[in-house]
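Naming: A, B, ... by sequence-line order, numbering from 1 per chain. Everything quoted here is computed from the prediction, not taken from an experiment.
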There are 2 protein chains.
Amino acid sequence: MTGKADHEERRRQIAEALLRIADTEGLQSASMRAVATEAGVSLRLVQYYFTTKEGLLLDALARLGAQLQARMERWIGEARAPRAVVTAVLSCVLPTDAESRRITRTYAAYYTLVLNDPEVLAKQAAQPPAVLEGFLAKQLRAAREAGEIAPERDVEMAAAGLLAMVNGLGSSVLGGQRDGEQALAILRHHLDELFGGPGAG
Amino acid sequence: MTGKADHEERRRQIAEALLRIADTEGLQSASMRAVATEAGVSLRLVQYYFTTKEGLLLDALARLGAQLQARMERWIGEARAPRAVVTAVLSCVLPTDAESRRITRTYAAYYTLVLNDPEVLAKQAAQPPAVLEGFLAKQLRAAREAGEIAPERDVEMAAAGLLAMVNGLGSSVLGGQRDGEQALAILRHHLDELFGGPGAG
DNA sequence: ATTCGCATGGTACATGTGTATCACATGCAT
DNA sequence: ATGCATGTGATACACATGTACCATGCGAAT
């Protein structure tokens, strides 16, 4: 046989074709045929490897999530100081470079889909933000105990607010209202306000 | 003739049918036929009053914007104090009651559409946030000059951050991650932090 | 009474969609 | 050599969509 590596490779190839289309033209343009053409395979193959369109959408979403997580870990790097970690996590989801623009746009394309699908999709997509928020709160608490944040500050509230803010900032960048650098500046400003003042890069 | 009042009334009736569908089932389900059925008219009439689907979408979006603005003015009411105005504007766009949930969900439905349409739609939808942000900044500056906000605070940054935050909070509520009251609590917390402390109503 | 323009209904057409079906290859186990 | 599972192709089908076209009614101006 051709080996299971080829099988998974084909799936990856097709799913990434979907993500590419979702990024550039939106999910509504990601028909089975369009995905097949983009991936350079026949329509039948897309059907063969994913059976149904919902399966393809779900698989691609999972891959997108993995890509975002990989980007986060890359941005966190060897940072151990809570403030550096928080800054990395928040700023890496802002559409500032090509990769983040791609990921953000593609997530936005899925967003509308999730809103009107009480199916598995909603469950799959509502979990990551919650754990991320918990992670941020933990980091902020550590920073507070280290004296970098005023003791009276509520870290859960701050974490929720910051996460919502980068989400909204991302939307404004995608909507063409402002530029990625400006969004980053706004985020940095609020981080400076939360922590004592301007911190190291 | 039947009078121009009837004409405009028909347009309103049809456009609101679209908005109702966009709210409950998403814009992708808002086909010409579905809108016609929802409005209780024939497909031909939808064509007659709006010619093209794009025209219908644009008109409905304009009406949605008017509804949101009306809601804002209603929420601002007779409030004159900057803090009260800012609080009203920001909290009235959070999905806390039926009307705001409807408006927010419908805007979200349009959002994806705007992302992949460099047409008139983008221009039409990118303007309001900018003027709203300017309005908020002005209110915050007034509050700062009145001593309610620390003099070293940057009001433009704060306005941009708050607007992005309510936007992100709205998304999280729509995504089922939290409830409207919790979102409101997070917003209030950050307003308390920006202004000296808890304020009246 | 005729004519004209607006309003309305019904329906056709071309296209795009997801999915199903039939056909053929190719390689491995028996 | 034969049979069977996996991979691949081409095409058919049923349906939904936006838009265009033809016909009819009906009030008003001539």
Heavy atoms of other groups near B:Lys138 NZ, more than 12 under 6.0 Å
no

Whether A:Arg83 and A:Asp192 form a salt bridge (side-chain N of Lys/Arg under 4.0 Å from carboxylate O of Asp/Glu) is what I want to check.
yes

Rounded interatomic separation in angstrom, taking [atom1] from [X] and [atom2] from [N]:
X: B:Leu56; N: D:dT19; atom1: CG; atom2: P; result: 10 Å
X: A:Gln47; N: D:dT6; atom1: CD; atom2: P; result: 18 Å
X: A:Phe50; N: D:dG7; atom1: CZ; atom2: P; result: 13 Å
X: A:Glu9; N: D:dG7; atom1: CD; atom2: P; result: 14 Å
X: B:Leu43; N: D:dT19; atom1: CG; atom2: C1'; result: 9 Å
X: A:Gln13; N: D:dG7; atom1: CD; atom2: C1'; result: 14 Å
X: A:Leu45; N: C:dT19; atom1: CG; atom2: P; result: 16 Å
X: B:Gln28; N: C:dT17; atom1: CD; atom2: C1'; result: 14 Å

If the cut-off is 4.0 Å, is [X] near the phosphate of [N], judged by side-chain N/O to OP1 or OP2?
X: B:Thr52; N: D:dT19; answer: yes
X: B:Tyr49; N: C:dT8; answer: yes
X: A:Arg10; N: D:dG7; answer: no
X: A:Ser31; N: C:dG16; answer: no
X: A:His7; N: D:dG7; answer: yes

Judged by nearest nucleotide, the residue sitting upstream toward the 5' end of DNA chain D, B:Arg44 or A:Arg33, is A:Arg33

Among [options], the one nearest [X] by side-chain distance:
X: A:Ser42; options: D:dT6, C:dT19, D:dG9; result: D:dG9
X: B:Met32; options: D:dT19, C:dT8, D:dT17; result: D:dT19
X: B:Lys53; options: D:dG7, D:dG18, C:dT19; result: D:dG18
X: B:Tyr48; options: C:dA20, D:dG9, C:dA7; result: C:dA7

Any side-chain donor-acceptor pair under 3.5 Å between A:Glu16 and A:Gln67?
yes

Please step through salt bridge (charged side-chain N to carboxylate O under 4.0 Å, His left out) for the pair B:Arg105 and B:Asp23, ending with a clear verdict.
CA-CA 6 Å; B:Arg105 265 208 298 259; B:Asp23 173 29; 2.8 Å; yes

Any side-chain to backbone donor/acceptor pair from B:Gln13 onto B:Ala39? Under 3.5 Å, distance only.
yes

